[in-house]
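Scroll down for the structure; my scribbles are underneath it.
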2 protein chains.
Amino acid sequence: MTTVPEPAARSPKAEQTRRGITNAAMVLFRERGYDKTTMRAIADEAGVSLGNAYYYFGGKEHLIQAFYDQVQVEHAAAAEGVLAGEKSFAPRLHGLLGAWVDISAPYHEFAGQFFKNAAEPTSPLSPFSPDSAPAREASIALFRRVVEDSDLKLAPALRRELPELLWLLHMGVVLFWVYDASPGQRRTRELVARAVPLVDRLARSTRLPVVRGVVDDMLELVGALRT
Amino acid sequence: MTTVPEPAARSPKAEQTRRGITNAAMVLFRERGYDKTTMRAIADEAGVSLGNAYYYFGGKEHLIQAFYDQVQVEHAAAAEGVLAGEKSFAPRLHGLLGAWVDISAPYHEFAGQFFKNAAEPTSPLSPFSPDSAPAREASIALFRRVVEDSDLKLAPALRRELPELLWLLHMGVVLFWVYDASPGQRRTRELVARAVPLVDRLARSTRLPVVRGVVDDMLELVGALRT
DNA sequence: GTCTATAGTGGGATAGAC
DNA sequence: GTCTATCCCACTATAGAC
């Protein structure tokens, strides 16, 4: 759910115009939803011509980037607070996943409207797309910090893969969140609250011989699929 | 990826018109892909007016139903062959999941184009939507047969939930498949080939105390989320 | 390089006559 | 149930002002 920022604008004036357009888009998206916000209305709200809006943004969906960027920046900031004091793995993971749900809550209603754009495999907005690589790496880095500075003792092979696996878990939570119609996304919070101890338990039991076989299989699986 | 058929038409004439439109849509979707097929072209190909096409189908995405129905019927038929002779759990599961990949292979390229419509939470095409309930149940029933007539010995609680969990696994495979750009969906087949023994191993190890704790947590999780 | 104004195309969706 | 006519809007094109 995160992507690359647009290339830096040349002049400060251009930067201001660009900001005006993204701001207008964010306001209108929240006011009327994605589908009912027209490019004309965005241009009007920003006080620029329609053509100018298209000069800065290739299309309507490019404006979704602004939302992604905002969420990602807030998530990274929130991560600081969470990861600074806590050393136990479970609370660290719960803090990071929960922070995302908190941050994204205001956008839940209209996020579903443009989720389909990100879902299209060929879309640059897909979290798996090359365009999203930098933001994806940044997000994975947060999960790497969750693992590395925690009290978890793991086999090196698993320790290497775990951050990416946790990011995949995060994507799963996002998917669930999009479909979650419960008030305040209660069910997503419950999912997080229950999934974290489960992951913690699984991760800690990897030293047992029985479990280790399963874990090795899983690592082989993800390794094979990455090729 | 499956949904409910449209309500039965009244007259035979209407039924014929409807068929003509769905046929035209299927032909053009495969020829040019979903996005490049216009409703006008579909109406032309079917020999009806644009307005008439909309009289029968609420929108372009409603025509995707025809594709879903086709795949589901083929999958159910293929399941017969797979489940008839085999009694071991792993080959049964592998057979069912593999059959879906085989059947869907011809549609892979253009399936990605309209996947986004199914991904939208409010869409009736979503596999989790109420509209999809009958087809979803039919699909889960296939996985129930995979479990019930197999050699698996399981705790009753798990045995009750496993079919739905396997259907979720199936949805995961579908999701992976949509994003899989490898030739012949090689990676999806590899995912299936490696995930099945893993699931088999996990299911069979549920008698061990360590694993049982994890399984109980998982069952509690899905139970809590269903509410 | 930044921006406006205007005109136009294409295609999804609808209204209303028959 | 079927058509024709129309609307709406994303998006493009262009010509030119600063």
Side-chain angles (χ1 to χ4, degrees), chain A residues 6-25 28-29 31-67 110 113-114 116-118 120 122-125, chain B residues 6-25 27-29 31-66 110 113-114 116-118 120 122-125:
Chain A
E6 304 275 332
R10 323 287 179 259
S11 73
K13 185 184 173 196
E15 183 57 27
Q16 188 167 350
T17 306
R18 170 184 291 273
R19 269 212 207 301
I21 296 168
T22 52
N23 284 346
L28 293 179
F29 285 165
E31 246 177 54
R32 342 177 163 170
Y34 179 75
D35 292 333
K36 284 189 197 147
T37 301
T38 68
M39 285 297 282
R40 281 170 176 83
I42 292 170
D44 275 3
E45 175 84 14
V48 300
S49 69
L50 178 62
N52 204 17
Y54 277 103
Y55 175 77
Y56 282 99
F57 297 92
K60 192 174 168 183
E61 67 175 36
H62 284 56
L63 286 161
I64 300 177
Q65 298 277 11
F67 164 74
F110 78 101
Q113 289 179 358
F114 59 71
K116 59 174 180 182
N117 293 290
E120 187 156 42
T122 55
S123 168
L125 273 64
Chain B
E6 303 275 332
R10 325 286 179 260
S11 74
K13 184 186 170 194
E15 183 58 29
Q16 187 166 351
T17 307
R18 171 185 290 272
R19 268 212 208 303
I21 296 167
T22 51
N23 283 346
V27 167
L28 293 179
F29 285 165
E31 245 176 55
R32 340 177 165 170
Y34 180 76
D35 291 332
K36 285 191 199 146
T37 301
T38 69
M39 285 297 282
R40 282 166 175 82
I42 293 170
D44 275 3
E45 175 85 13
V48 300
S49 72
L50 176 63
N52 203 16
Y54 275 101
Y55 174 77
Y56 282 99
F57 297 92
K60 191 175 168 184
E61 65 177 37
H62 284 57
L63 286 161
I64 301 177
Q65 297 278 11
F110 78 101
Q113 291 180 356
F114 59 72
K116 61 173 180 182
N117 294 290
E120 188 157 41
T122 56
S123 168
L125 275 63

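Since we're looking at a predicted model, the values are computed, not measured. Sequence lines set the chain letters: A, B, ... in the order given, protein chains first and strands last, and positions in each chain run from 1.
- With hydrogens and angles disregarded, no donor-acceptor distance shorter than 3.5 Å links the side chain of B/Glu61 to the backbone of B/Asn117.
- Other residues, nucleotides and ligands place no more than 12 heavy atoms under 6.0 Å from the CD atom of A/Gln16.
- As a whole-Å value, the separation of B/Asn52 CG from D/dC3 P is 5 Å.
- Between A/Ser11 and the phosphate of C/dT2, there is a side-chain N or O to OP1/OP2 separation shorter than 4.0 Å.
- Atom CD1 of B/Ile21 is separated from atom C1' of D/dC3 by 13 Å (rounded to the nearest Å).
- Within the nucleic acid shown, A/Ser49 comes within 4.0 Å of at least one base atom, counting heavy atoms only.
- Residue-to-nucleotide proximity on DNA chain D shows that, of B/Thr17 and A/Met39, the 5′-proximal contact is made by B/Thr17.
- With hydrogens and angles ignored, no donor-acceptor pair under 3.5 angstrom links the side chain of B/Arg40 to the base of C/dG10.
- For the pair A/Glu61 CD and D/dC9 C1', the computed distance is 16 Å after rounding to whole Å.
- We find that NE2 of B/His62 is positioned 12 Å from C1' of C/dA13, with the value rounded to whole Å.
- Taking 4.0 angstrom as the limit, A/Tyr54 places a side-chain polar atom (N or O) nearer than this to OP1 or OP2 of D/dC11.
- Taking 4.0 angstrom as the limit, B/Tyr56 places a side-chain polar atom (N or O) nearer than this to OP1 or OP2 of D/dT2.
- Atom CG in A/Leu50 sits roughly 12 Å away from atom C1' in C/dG8 (whole-Å rounding).
- For the pair A/Gly20 and A/Ala46, the tightest heavy-atom approach, listed with the atom from each and the gap, is O-CB, 3.6 Å.
- Here the closest heavy-atom approach between residue A/Ala41 and residue A/Arg32 is recorded as CB-NH1, 3.7 Å.
- Remark: P of C/dA13 and CG of A/Asp35 are 11 Å apart, rounded to the nearest angstrom.
- Taking only side-chain nitrogens and oxygens, A/Lys13 never comes nearer than 4.0 Å to OP1 or OP2 of C/dT2.
- Classification of the A/Phe110-A/Phe29 ring pair by plane angle, with boundaries at 30° and 60°, yields tilted.
- Using a 4.0 Å cut-off, no side-chain N or O of A/Tyr55 falls inside it from OP1 or OP2 of C/dC3.
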